[in-house]
2 protein chains.
Amino acid sequence: MTDYGAEVTTDLVSSSEPALEQTLTETCYRRLKQDIISGARPPGERMRIEKLKAIYGIGPTSLREALQRLSADGLVRAVERRGFQVAPLDAAEFLDLNTARIEIDLSALRLSIRAGDGGWEGGVVAAAYRLEKADGLVQSGAQESLDDWERLNKLFHRSLVACPSRWLLRMREMLGEQVERYRRASVYRERTERNLIEEHRQIAEAVLARDEERACRLLAEHYTRTADGLLTLLRSRA
Amino acid sequence: MTDYGAEVTTDLVSSSEPALEQTLTETCYRRLKQDIISGARPPGERMRIEKLKAIYGIGPTSLREALQRLSADGLVRAVERRGFQVAPLDAAEFLDLNTARIEIDLSALRLSIRAGDGGWEGGVVAAAYRLEKADGLVQSGAQESLDDWERLNKLFHRSLVACPSRWLLRMREMLGEQVERYRRASVYRERTERNLIEEHRQIAEAVLARDEERACRLLAEHYTRTADGLLTLLRSRA
DNA sequence: TGAATGATTTTTATCGATAGAACTAGAATG
DNA sequence: CATTCTAGTTCTATCGATAAAAATCATTCA
């Protein structure tokens, strides 16, 4: 065991809020992540440093640092001596991903139902309401409302979990981002064939009634249905 | 939505195995991780680039890349314009961490019990056997056998999960590393007061009997007991 | 014609250098 | 004597340059 001599600082950052990091690395990390999840950078794309340098207008160092973080997130693959690529999409992996996602989301949901307070209930009601309204807009055909719906959908699902473990939430978020990328990669064809409004309403209902069993079953079905739709699409393309 | 023009490569790395990456960044990442988990780099320590450069004998670029990855792993904290520090230990966070850990481990265990085949059963039996033997050695006082025990303990717990989701396993591993760091930070005082051999034996037994309920309960208790011990220690120090 | 081989180009991984931000300690002030 | 200000120092974030590895392409040989 090597010991290099300590120099411990208990608290480097006191209590200030996030304050949107100003380092280029951080900025670049966020932009890249956004572009990967949204599909602007297509799955499998080779990410040549020179090219990215021009696009994002920064030096290679910050870029590589951002890419390393993304590769820890699983959004980018680093191949030894062959640079980086956007993580490819793959049906088998999606199945795997979705299994993990459901497990973790249900865990978080269960803990929330047990621990959630009044504020949490209010949050669920509010988020459900907002999503339902956005749902109506999308139904009526406004194309650009999709991004908005996506945001509110995420918010709704986020509102369900008042889970006390930040680590669990972090895992949940990580998987959520992965799934979102798959979801976005496929057109939302399934939308028409499903009654999402009703699905969301029932979930909210069960959650508020603190019916753990039912809430978990409904949420799992909800995710599974989305996954099935995506799988069909992914496979029909391959 | 920005689209920068695609250039998709389906498969950059064919099917070769990991083959221990030869980039400095990767090497450095592993060494640092090891040192952080083992406690050689104490929690809260400021990681000055200049200093680390000398210690690990590489340039600042590779170092920073490794540190960025570690910060995505949660083992290192990056503070804007103030560099990096080893993530501090904290009783509250440990509680949080442990909650997540138990949830995910139980999920993986449940899936394994349902899906595991004969090979998996054999693996459990073998790992249990080896751990039990190592346990005996530690009891008889050999100090350097602790590292060995730690390794076999990890292997035993790893053998339990033949879970089909690699993503879930990844989350499990990530949390496992975090917990290990906490565990190592405290001396193994509790060992004497517990009958770990018996705990492990019972877990293996329940798992092999495919008794989901019982296996989960035992494993949760196992982890909770470890956690309680650590918490007592952490708090008595603060 | 097709495969093998070698030369050329591209790209990655890495280093050293540097501007500017943060920390420190000592001087000046109330 | 405590506090604030300030000059100097340290350290981070970032860039451009470069050696070496991989990819590409042209060319030769069977």
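Looking at the side chain of B:Thr25, the nearest of the listed nucleotides D:dA23, C:dT12, C:dT14 is C:dT14. For A:Thr23, counting side-chain heavy atoms from C-beta on, the closest listed nucleotide (D:dA13, C:dA22, C:dA13) is D:dA13. Checked against C:dC23, D:dA23, C:dT14, the side chain of A:Arg64 finds its nearest nucleotide in C:dT14.
B:Arg82 places its CZ atom 10 Å from the C1' atom of C:dC23, with the value rounded to the nearest Å. One can place CD of A:Glu65 at 14 Å from C1' of C:dA13, the figure rounded to the nearest angstrom. In this structure, B:Leu52 places its CG atom 18 Å from P of D:dT10, rounding to the nearest Å. Taking atom CD on B:Glu80 and atom C1' on D:dT14, their separation rounds to 15 Å, with Å as the unit. With rounding to whole Å, B:Glu26 atom CD is found 11 Å from C:dA13 atom P. Rounded to whole Å, atom P of C:dA13 lies 12 Å from atom CZ of B:Arg69. The nearest whole Å value for the distance from the CD atom in A:Gln85 to the P atom in C:dT11 is 16 Å. If you measure from atom CG of A:Leu63 to atom P of C:dT12, you get 11 Å, rounded to the nearest angstrom.
The aromatic rings of A:His200 and A:Phe156 sit perpendicular, their planes meeting at an angle over 60°, well past the 30° parallel limit.
Minimum heavy-atom separation, B:Glu93 to B:Pro88: OE1-O, 4.2 Å. Pairing each heavy atom of A:Gly59 with each of A:Lys53, the nearest pair is C-CG, 3.9 Å.
The existence of a salt bridge linking B:Lys154 and B:Glu173 is excluded, since no basic side-chain nitrogen approaches an acidic carboxylate oxygen closer than 4.0 Å. A salt bridge is absent between A:Arg181 and A:Glu177: the closest approach of a Lys/Arg side-chain nitrogen to an acidic carboxylate oxygen does not fall below 4.0 angstrom. Salt bridge annotation for B:Arg151-B:Asp148: present, with a cationic side-chain nitrogen under 4.0 angstrom from a carboxylate oxygen. Using a 4.0 Å cut-off between a side-chain N of Lys or Arg and a carboxylate O of Asp or Glu, A:Glu65 and A:Arg69 do not qualify as a salt bridge.
Here A:Arg130 pairs with nothing under the side chain to side chain donor-acceptor pair (under 3.5 Å) rule; sequence neighbours left out.
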Pick out the pairs of N or O atoms, protein on one side and nucleotides 15-21 of chain C on the other, that lie under 3.5 Å.
residue	atom	partner	partner atom	Å
C:dC15	OP1	B:Gly59	N	3.2
C:dC15	OP2	B:Gly59	N	2.8
C:dC15	N4	B:Thr61	OG1	2.9

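Between A:Arg48 and the phosphate of C:dT10, there is no side-chain N or O to OP1/OP2 separation shorter than 4.0 Å.
Using a distance-only test at 3.5 Å, with no hydrogens or angles considered, no donor-acceptor pair links the side chain of B:Ser71 to the main chain of B:Arg77.
Each end of the helix from C:dT1-D:dA30 to C:dG30-D:dC1 gets its own rotation axis from five pairs of C1' atoms, and the angle between them is 10° to the nearest 10 degrees.
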